[in-house]
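Report on the following structure.
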Amino acid sequence: VGCLFENSRTHGVVTLGGDMHLIDSVVRGTMPRELDGLGGDGVIFGAWESPAGGSVVGCTVENSARVGIASFGATVRVENVQLACNTIDLNGEILNGAEFEFLDGGGTHCGCQSDDWDCAVLSSSIEPPQAIE
């Protein structure tokens with residue numbers, strides 16, 4: 001609650017199994033890994049060896065090099081979130097047979113500078129981050 005994650009490399013905030021609730025926080029300027037250019041995701045929910053899910057409420061996720069909020073086989077509630085200037089705002093992928101789901105709590109806005117668009121979940125076949133051994 002009430003955190004700032006700024007100029008992170010590879011990922012801003014991640015859960016690799018389990019629940020995470022990000023509330024009234026800012027995730028800004030997540031960049032890819034220098035070594036190979038992978039990642040650049042602001043917020044990631046991933047169901048590796050156990051179910052994962054949670055919520056992003058009252059947050060701003062902006063300037064993510066790859067994805068603002070990504071779900072890899074997880075259920076994520078998004079409510080009153082500002083997704084600004086991310087390459088992809090919302091991305092969902094099946095992981096180990098687990099389906100992804102985004103629940104719309106309302107009030108979410110997507111856009112960049114003076115351009116606005118409807119928030120949409122894409123499935124771009126992106127690779128999830130590696131689970132920690």
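Since the structure is predicted, the reported quantities are computational estimates derived from the model, not experimental observations.
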Hey, could you give me the [atom1]/[atom2] distance between [X] and [Y], rounded to the nearest 0.5 Å?
X     : Y     : atom1 : atom2 : result
Ser25 : Leu4  : OG    : CG    : 8.5 Å
Leu95 : Glu49 : CG    : CD    : 10.5 Å
Arg66 : Leu38 : CZ    : CG    : 7.0 Å
Thr15 : Leu22 : OG1   : CG    : 11.5 Å
Arg33 : Ser8  : CZ    : OG    : 14.0 Å
Asn63 : Leu83 : CG    : CG    : 11.5 Å

Between side-chain atoms of residues 98-113 and protein atoms elsewhere (two or more places apart, or another chain), which donor-acceptor pairs fall under 3.5 Å?
unit_1	atom_1	unit_2	atom_2	d
Asp104	OD1	Gly106	N	2.7
His109	NE2	Asp116	OD1	3.1

Are [Y] and [X] connected into the same hydrophobic cluster when the rule is that any two of I, L, V, M, F, W, Y join if their side-chain heavy atoms are below 4.5 Å apart?
X     : Y     : result
Ile44 : Val61 : no
Phe5  : Leu90 : yes
Val78 : Val67 : no
Val76 : Val14 : no
Val26 : Val57 : no

Is the shortest heavy-atom distance from the side chain of Asp41 to the side chain of His11 under 4.5 Å?
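Of all side-chain heavy-atom pairs linking His11 with Asp41, at least one is under 4.5 Å.
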Could you tell me if the side chain of Phe45 sits less than 4.5 Å from the side chain of Thr75, heavy atoms only?
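Of all side-chain heavy-atom pairs linking Phe45 with Thr75, none is under 4.5 Å.
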If only atom types and distance count, is the side chain of [X] paired as donor or acceptor with the main-chain N or O of [Y] below 3.5 Å?
X      : Y     : value
Thr87  : Ala65 : yes
Ser123 : Gly92 : yes
Asp24  : Val1  : no
Glu93  : Phe72 : no

Shortest non-hydrogen contact between Ser50 and Gly18, atoms and distance:
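Taking every non-hydrogen atom into account, OG-N, 3.9 Å.
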Least distance between heavy atoms, Gly46 atom then Ala74 atom:
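For Gly46 versus Ala74, the nearest heavy atoms are N-CB, 4.5 Å.
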Using the rule given for side chain to side chain contact (heavy atoms under 4.5 Å, CB included), can you reason through Asn91 versus Ser124, listing the C-alpha separation, both sets of side-chain angles and the distance that settles it, and then say yes or no?
CA-CA 7 Å; Asn91 192 90; Ser124 305; 2.9 Å; yes
For Glu62, which residues count as a side chain to side chain contact (heavy atoms under 4.5 Å, CB included) partner, sequence neighbours excluded?
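Expected list: Arg28, Thr60, Ala84.
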Sequence neighbours left out, what passes side chain to side chain contact (heavy atoms under 4.5 Å, CB included) with Asp118? Give chain and number order.
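Asp118 satisfies side chain to side chain contact (heavy atoms under 4.5 Å, CB included) with no residue once adjacent residues are dropped.
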